[in-house]
Amino acid sequence: MPELPEVETIKRSLAKKALGKRILDVGIFWPPAAVSIPGGDFTELVKGREIESFARRGKYLLINLSRGLTMIVHFRMTGRLIYYADQQPREKHTHVVFYLDQGELHYSDIRKFGRIQLVSTSEAMQVASLAKLGPEPLDELFAFDQLGQRLAKKKSTIKASLLDQKVIAGLGNIYADEALFRAGIQPGRRTESLKVSEIIKLYNAIGEVLAAGIKAKGTSFRDYRDADGNKGSFQYNLMVYGRGGLECIVCGQKLERQKIAGRTTVFCPDCQK
DNA sequence: AGTGGCTCCTGAGCGC
DNA sequence: TGCGCTCAGGAGCCAC
């Protein structure tokens, strides 16, 4: 499931292949996946435009096209965007194909939760879902006291707070659990009970786990692939996610699995206080 | 403001 | 082999 490191990896791999290519035509095979500007036809608006740049905000990928249009992609659970240098037959769950002057870009999504939304570039950041996002955790301007101030407003568990994209952008279930483990904090703790020293630990753990995730080109627990169709390798570095009932790699205690904030959450009852 | 529940959706895994 | 069930979950929405 693409979280910040996965979207960043897709962005980087896509930039190497699709930058500067022109979109000759678009095939839409499941219309809800391609959301157009109200009153405008998606294909007609995108046709003929050049892919000028890529950006990322939280878990959103932004594809900036020439003449002021942007496609905002949210992959949700199982979305994929893969570049092929040659003609490629459509797979079962391929919903949108961009036919480029060189190669093809295929958007596929097994569970159909993801969307490609077309907006004007000038309004992209004002789109409701993006406007509400909290700070970028890897931005050098993002300081620990900023995290502390945002957490101070929350009255919920720390796990729920980290998943709240308004608090901090880009964390999902995997990296939230991994960050909490590395910070030694139980995910069920009330946010307001965290001491400053714990928020500093959490801040550092978030930065470390996201940077490590990007370095490993993401976590391919099941469905995730980058724009070249390759898997990431961070699944081999996961300490808690997907390891409920197994031994803690630090202390050997059995890892606990609980529903917190409606999400399956795994933690070490011994290492995390 | 919070939480829980529901919705979207398909496939994997499991018991029988 | 296959049926029916549960689970996986990001985010928006609703009721409370």
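Each chain gets a letter, A, B and so on, in the order its sequence line appears, and its residues count up from 1.
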Answer with base, sugar-phosphate or nothing: what part of the nucleic acid does A:Tyr241 contact at a heavy-atom distance below 4.0 Å?
sugar-phosphate

Pairs meeting criterion salt bridge (charged side-chain N to carboxylate O under 4.0 Å, His left out) with involvement of residues 61-87 of chain A, two or more places apart:
none

With distance as the sole test, does A:Thr264 use its side chain to make a donor-acceptor pair with the main-chain N or O of A:Lys259 at under 3.5 Å?
no

Please answer whether C:dG10 and A:Phe113 are stacked, defined here as ring centres separated by less than 5.5 Å and planes angled under 30°.
yes

Establish, with yes or no, whether the OP1 or OP2 oxygen of C:dA11 is under 4.0 angstrom from a side-chain nitrogen or oxygen of A:His74.
yes

Across the strands shown, which category fits A:Met1 at heavy-atom distances under 4.0 angstrom: base, sugar-phosphate, nothing?
sugar-phosphate

Whole-Å distance, A:Lys132 NZ to C:dG10 P, equals 16 Å

Hey, is the side chain of A:Arg76 pairing donor to acceptor with the base of C:dA11 inside 3.5 Å?
no

Provide, to the nearest angstrom, the distance between the CD atom belonging to A:Gln258 and the P atom belonging to C:dA8.
13 Å

I'd like to know if A:Glu198 and A:Lys201 make a salt bridge, using a cut-off of under 4.0 Å between side-chain N and carboxylate O.
no

N/O (side chain, A:Thr264) to phosphate O (OP1/OP2, C:dG9) under 4.0 Å:
yes

Indicate whether any N or O donor in one side chain lies under 3.5 Å from an N or O acceptor in the other, for A:Thr78 and A:Asp223.
no

Across the strands shown, which category fits A:Thr78 at heavy-atom distances under 4.0 angstrom: base, sugar-phosphate, nothing?
nothing

Boundaries of the DNA chain B segment in contact with chain A, non-hydrogen, under 4.0 Å
B:dG2 to B:dG11

Whole angstrom value for the distance that separates P of C:dG10 from CD of A:Gln165
9 Å

NZ/NE/NH1/NH2 to OD/OE distance under 4.0 Å, A:Lys59 and A:Glu3:
no

Rounding to a whole Å, what distance do you find between A:Asn173:CG and C:dA11:P?
11 Å

For atom NZ of A:Lys217, is the number of surrounding heavy atoms from other residues, nucleotides or ligands below 6.0 Å larger than 12?
no

Under 4.0 Å between any heavy atoms, over every strand shown, what does A:Lys166 touch: base, sugar-phosphate, or nothing? Just pick one.
nothing

Check whether the ring centres of A:Tyr203 and A:Phe142 lie less than 6.0 Å apart, and answer yes or no.
yes

